[in-house]
Amino acid sequence: MTGRTNIEWCDYSWNPVTGCSKVSEGCRNCYAEALSHRFGRSFEVTLHPERLTATRKWKPGRIFVNSMSDLFHENIPFEFITEVMHEMDRNKQHTYLILTKRPERMVEYFGEAYYDCTLPSHVWFGASIENRRWTGRAATLVWMRLFAAHIFLSLEPLLESLAPFDWLCDNVPDWIITGGESGPHFRQADAQWFKEIRDFCTAHDIPFFFKQPGGLRPGGRALLDGQEWRQSPPAWKGFVGGSE
Ligand code: SF4
């Protein structure tokens, strides 16, 4: 859970916090919760200060921060988030990716200046959106443009069509990832929903990463119209998943 990962769009996961609670429909079959229970562990929010320095020893890579939690969960004190931020600031050899379903707390944290440095450009801030009900998270994320160099969206598990994309306004993200839901209780996605996102990204010059279509045990190459879509931001060329 901390170290090398099979998650297609990054190289490592780093979990200075584990555990979370459900906030919206995308959480119903939470992978992190299922994995915790499989190992007989609690899914209560738990801080792991002993893991704060873990990424110092790793080769430079893309690090998914808190794959087993949500860094902006209401039970994680701002003081601890600051420790995580300082650790990322110290390790500029990496690219850190923070993904939240609680962008309003992320914006609150930075808006209230709990973090006392200029935000480092090697830290990317993302919001996760699964259906139209939660597209407002993108508008909240846009506030991070005031503080951060890069923002991104994870549209996964995609539960319905998100077109038209008027909810993205004019302030489009720097990267979009999408995929369907997997596992025994997966909710079937329609390939058309992914194609709509791909076409929007192509039209707006946004790198587009299609992770997988979903299903019981998705495997093999994830294709849309016979083609893989594993684009990543230009600065990462050749790093994530053999991207274009
Ligand atoms: S926010 Fe993420 S980690 Fe937390 S319950 Fe939902 S899916 Fe799981």
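Ligands are counted one by one from 1 in listed order, and the atoms in each one are counted from 1 as well.
- Residues Ser67 and Asn15 have side chains that bring a donor and an acceptor to within less than 3.5 angstrom of each other.
- Closest to atom 6 (Fe) of ligand 1 by heavy atom, among Ser24, Gly19, Cys27, is Cys27.
- Residues Leu97 and Trp9 meet the side-chain proximity criterion, which asks for heavy atoms closer than 4.5 Å.
- No side-chain donor from either of Thr18 and Arg51 sits under 3.5 Å from a side-chain acceptor of the other.
- Residue, atom and distance of the protein heavy atom nearest to atom 2 (Fe) of ligand 1 are Lys101 NZ, 3.9 Å.
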In sequence, state the C-alpha distance, the side-chain angles, and the governing distance for Leu153 and Leu168, and then conclude on side-chain contact (heavy atoms from CB on, under 4.5 Å). CA-CA 10 Å; Leu153 287 178; Leu168 270 172; 3.7 Å; yes
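- Taking the six-membered ring where the residue is Trp, Tyr12 and His94 present perpendicular rings, their angle passing 60° and hence far from 30°.
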Start with the C-alpha gap between Trp14 and Tyr96, add the side-chain angles, then the distance that decides, and say whether ring-ring contact (aromatic ring centres under 6.0 Å, His included) holds. CA-CA 9 Å; Trp14 173 43; Tyr96 293 91; 5.6 Å; yes
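- Here His73 has no heavy atoms under 4.0 Å from ligand 1, in either its backbone or its side chain.
- Looking at atom 4 (Fe) of ligand 1, its nearest protein heavy atom turns out to be Cys20 SG, 2.3 Å.
- Within the 4.0 Å heavy-atom shell around ligand 1 one does not find Met68.
- Nearest protein heavy-atom contact of atom 5 (S) of ligand 1 is Ser21 O, 3.6 Å.
- Interface of Arg102 with ligand 1, defined as ligand atoms under 4.0 Å from a residue heavy atom, comprises 1 (S).
- Cys30 SG, 2.3 Å is the protein heavy atom nearest to atom 8 (Fe) of ligand 1.
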